[in-house]
Amino acid sequence: MTCPGLIISAPASGAGKTMVTLGLLAALRARGLRVQPFKNGPDYIDPAFHHAAAGRPSLNLDTWAMSAGQIAGLVGTRADADLTVAEGSMGLFDGVAKAGETGTGASADLAALTGWPVVLVLDVSGQAQTAAAIAHGLATFSPHVRLAGVVLNRVASPRHDTLIRTAMAAAGLRVLGALPRREAIALPERHLGLVQAEEQPQLAALLGTLAAFIAEHVDLDAVMEQAAGGFAARATPVAVAPPGNRIALARDAAFSFVYPHLIEGWRRAGAEILPFSPLADEAPAASADACWLPGGYPELHAGRLSAACRFRDGLHRFAASKPVHGECGGYMAMGAGLVDAQGTRHAMAGLLGLETSFARRRMHLGYRLATLLAPMPGHSPKARLRGHEFHYATITHQPDAPLAHTVDATGADVPEPGSRRGLATGTFFHLIAPAT
């Protein structure tokens with residue numbers, strides 16, 4: 001089984017990819033279609049919105065971190081859909097300089113691998129015929145990527161629309177829709193990107209507005225006609241090693257950044273997930289044999305985490321005999337202390353000696369390839385893991401033994417090696433997949 005697919009991309013970030021993707025998902029779902037969302041590259045925020053719009057979980061597909069078999073396996077698990085819609089990242093051809101498992105992480109690499117045609121979202125504010133030149137350049141840049149058509153965003157007037165459509169027709173490009181300026185339709189942002197879907201009390205109403213907006217201004221039938229299939233027709237999921245048979249998983253507003261494909265892979269391997277909320281002062285289940293603290297926004301909840309005595313005491317009892325691993329925000333919460341943006345230090349769980357600060361902000365961003373120096377839940381020493389790091393925290397003290405030797409996508413050493421102390425381990429990078 002397979003289903004036809006499309007990738008929603010753009011020349012650059014900020015063109016309106018997420019708005020168009022969510023509107024398409026919601027509008028096609030309203031027609032009674034089963035629409036399967038995916039997200040190109042490492043991202044936690046967009047897939048949660050995809051899920052709300054499509055009514056189906058969205059999975060990340062990453063050509064730098066995942067093999068072709070892994071990507072095919074994930075797509076194959078969703079072959080019961082009527083249509084696949086994958087949201088791209090950054091600009092269509094934007095990726096890292098050195099290819100990883102299957103590519104550079106660019107949306108174009110995913111399009112070339114899957115054969116899914118690209119719907120290009122163009123922010124045409126401040127230009128007219130030049131938009132056709134940009135689209136033509138992207139359409140002809142690679143013989144392995146097919147441009148299905150364009151959706152014009154922020155069109156100023158009927159005259160503006162006509163000028164661009166005429167130029168697109170001359171360039172042999174199809175206009176699938178034209179969206180007028182509508183500043184009222186926007187998703188709020190914070191320092192790591194969009195505010196999480198679960199923090200949007202009016203999300204259903206917003207998605208309904210987006211669905212109506214897209215249905216009015218985009219030819220949905222033409223979009224569906226451009227979708228192509230054939231990828232992952234006989235693929236089966238690649239095995240994922242779970243960190244334990246029963247996994248205590250922190251899950252609340254402070255700890256929500258974990259890739260859905262990992263959770264699904266753990267469950268497929270027979271593991272049971274036991275969620276708990278540190279913000280509700282809950283401890284990991286004593287019956288679990290591993291504990292996983294995902295990333296998120298602990299800095300926004302540092303006071304509550306510092307006061308969560310049952311959580312901290314329970315975590316210490318758990319770590320005395322069973323492994324605990326934290327990623328990024330979870331890693332910081334396992335540390336000794338966290339200084340918030342106002343300069344106030346909050347005591348954290350203290351499983352590790354790590355001290356971090358948001359008072360001295362610095363962006364840390366990029367792919368990571370780690371070779372473990374010691375075991376972490378689900379993986380043995382010398383295992384090679386691919387992941388991604390994105391945070392603004394600064395390490396002020398890190399006294400524990402390193403967990404891994406880590407390099408970036410170019411092979412250059414990354415000075416942050418993670419930490420280990422007893423059965424507690426943590427990294428600033430989020431695991432995506434083992435390296436093949």
Q: For the pair His217 and Phe213, evaluate ring pair (Phe, Tyr, Trp, His ring centres under 6.0 Å) and give the outcome as yes or no after the intermediate values.
A: CA-CA 6 Å; His217 298 287; Phe213 182 57; 5.1 Å; yes
message: Check whether Gln36 reaches the backbone of Pro57 with its side chain - one donor and one acceptor, N or O, closer than 3.5 Å.
response: yes
Worksheet item: Is the shortest heavy-atom distance from the side chain of His261 to the side chain of Ile432 under 4.5 Å?
Response: yes
inquiry  = If you apply the rule side chain to side chain contact (heavy atoms under 4.5 Å, CB included), what do you find for Val96 with Thr410, and how did you get there?
reply    = CA-CA 8 Å; Val96 294; Thr410 69; over 6 Å; no
With Pro434 as partner, the option from His379, Arg386, Met66, Arg384 fulfilling side-chain contact (heavy atoms from CB on, under 4.5 Å) is His379
Verify whether one side chain among His405 and Asp413 offers a donor that lies under 3.5 Å from an acceptor in the other.
yes
_I'd like to know if Glu282 and Arg251 make a salt bridge, using a cut-off of under 4.0 Å between side-chain N and carboxylate O._
no
Can you check whether Leu24 reaches Ile8 side chain to side chain, under 4.5 Å on heavy atoms?
yes
Taken in chain and number order and not counting sequence neighbours, the residues that satisfy ring pair (Phe, Tyr, Trp, His ring centres under 6.0 Å) with His388 are Tyr367
Distance col, row Arg78:CZ vs Leu74:CG, nearest 0.5 angstrom, shows 8.0 Å
Between Thr406 and Ala370 the two heavy atoms that sit nearest each other are OG1-CB, 3.8 Å
- Item | Backbone N/O of Gly426 and side chain of Ser419: donor-acceptor pair under 3.5 Å | no
Residues pairing under salt bridge (charged side-chain N to carboxylate O under 4.0 Å, His left out) where one sits in residues 14-31, two or more places apart or in two chains, turn out to be Arg31-Asp221
Compare all side-chain heavy atoms of Leu176 with those of Asp219 and state whether any distance is below 4.5 angstrom. no
Rounding to 0.5 Å, atoms CG (Asn60) and OH (Tyr44) come to a distance of 7.5 Å
Test side chain to side chain contact (heavy atoms under 4.5 Å, CB included) on Met334 and Val324; report intermediate values, then the result. CA-CA 9 Å; Met334 290 173 64; Val324 178; 3.9 Å; yes
Check: Ser58/His51 side-chain N/O donor and acceptor closer than 3.5 Å | no
Output for pair (Leu300 CG, Phe358 CZ), nearest 0.5 Å, gives 8.0 Å
Applying ring pair (Phe, Tyr, Trp, His ring centres under 6.0 Å) to Tyr331 and Phe428, what does each step give before you reach the verdict? CA-CA 7 Å; Tyr331 179 32; Phe428 262 118; 5.1 Å; yes
Does one side chain, of Thr18 or Glu87, offer a donor that lies under 3.5 Å from an acceptor on the other? yes
All heavy atoms of Leu138 vs all of Pro11, minimum pair found to be CD1-CG, 3.9 Å
Task: Exam field: side chain Thr102 to backbone Ala68, donor-acceptor pair closer than 3.5 Å - done: yes
Please check if any side-chain donor atom of Asp340 sits under 3.5 Å from a side-chain acceptor atom of His346, or the reverse.
yes
Closest non-hydrogen contact found for Ala211 with Ala26 is CB-CB, 3.6 Å
- [ ] Go through the steps to decide whether Arg304 and Asp252 satisfy the test side chain to side chain contact (heavy atoms under 4.5 Å, CB included), and finish with yes or no.
- [x] CA-CA 12 Å; Arg304 288 178 64 186; Asp252 55 30; over 6 Å; no
- prompt: Is the side chain of Asn153 donor-acceptor paired with the backbone N or O of Ala178 at a distance under 3.5 Å, no angle test?
  reply: no
All heavy atoms of Leu305 vs all of Pro278, minimum pair found to be CD2-CB, 3.9 Å
Taken to the nearest 0.5 Å, the spacing of Thr130 OG1 from Leu122 CG works out to 11.5 Å
Heavy atoms, side chains only, cut-off 4.5 Å: are Ile71 and Leu110 in contact? yes
Check your understanding: Do the charged groups of Glu355 and Arg345 touch, with an N to O distance under 4.0 Å?
Key -> yes
Item to complete: Evaluate ring pair (Phe, Tyr, Trp, His ring centres under 6.0 Å) for Tyr297 paired with Phe257, printing each intermediate quantity in order.
Response: CA-CA 9 Å; Tyr297 293 117; Phe257 293 171; 5.3 Å; yes
Worksheet item: Between the side chain of His136 and the main-chain N/O of Ala132, is any donor-acceptor distance below 3.5 Å?
Response: no
Shortest non-hydrogen pair, Ala302 vs Met348, comes out as O-CE, 3.7 Å
*Would you mind reporting whether Leu22 and His50 have side-chain heavy atoms less than 4.5 Å apart?*
yes
What one should report as the nearest heavy-atom pair of Ala435 and Leu369 is CB-CD1, 4.0 Å
Q) Is there a donor-acceptor pair under 3.5 Å between the side chain of Asp94 and the backbone N or O of Ala12? A) no
The residue among Leu403, Leu431, Leu293 that forms side-chain contact (heavy atoms from CB on, under 4.5 Å) with His325 is Leu403
In short, salt bridge (charged side-chain N to carboxylate O under 4.0 Å, His left out) pairs touching residues 148-164 with sequence neighbours left out are Asp123-Arg154, Asp161-Arg165
To the nearest 0.5 Å, atom OG of Ser357 lies from atom CG of Leu338 at 7.5 Å
side-chain hydrogen bond (donor to acceptor under 3.5 Å, both in side chains) assessment of Glu327 paired with Thr427: CA-CA 5 Å; Glu327 294 185 325; Thr427 65; 5.1 Å; no
Measuring only between side-chain heavy atoms, which start at C-beta, is Gln226 closer than 4.5 Å to Val119? no
| task | Answer yes if the side chains of Glu101 and Thr63 hold a donor-acceptor pair under 3.5 Å, and no otherwise. | result | no
Next on the checklist: Check whether Asp82 reaches the backbone of Val35 with its side chain - one donor and one acceptor, N or O, closer than 3.5 Å.
Outcome noted: no
When rounded to the nearest 0.5 Å, the distance separating CD of Glu416 from CZ of Arg368 is 9.0 Å
| said: Test salt bridge (Lys or Arg N to Asp or Glu O under 4.0 Å) on Arg361 and Glu299; report intermediate values, then the result. | reply: CA-CA 12 Å; Arg361 286 165 54 90; Glu299 69 275 17; over 6 Å; no
Is there side-chain contact between Pro42 and Tyr259, with heavy atoms separated by less than 4.5 Å?
yes
Check your understanding: Do Glu389 and His430 get their side chains close enough for a donor-acceptor pair, meaning under 3.5 Å?
Key -> no
Show your working on side chain to side chain contact (heavy atoms under 4.5 Å, CB included) between Val85 and Phe38 and close with a plain yes or no. CA-CA 6 Å; Val85 176; Phe38 290 100; over 6 Å; no
TODO: Taking the side chain as every heavy atom from C-beta outward, state whether Ile45 and Asp43 have any pair of such atoms under 4.5 Å apart.
DONE: yes
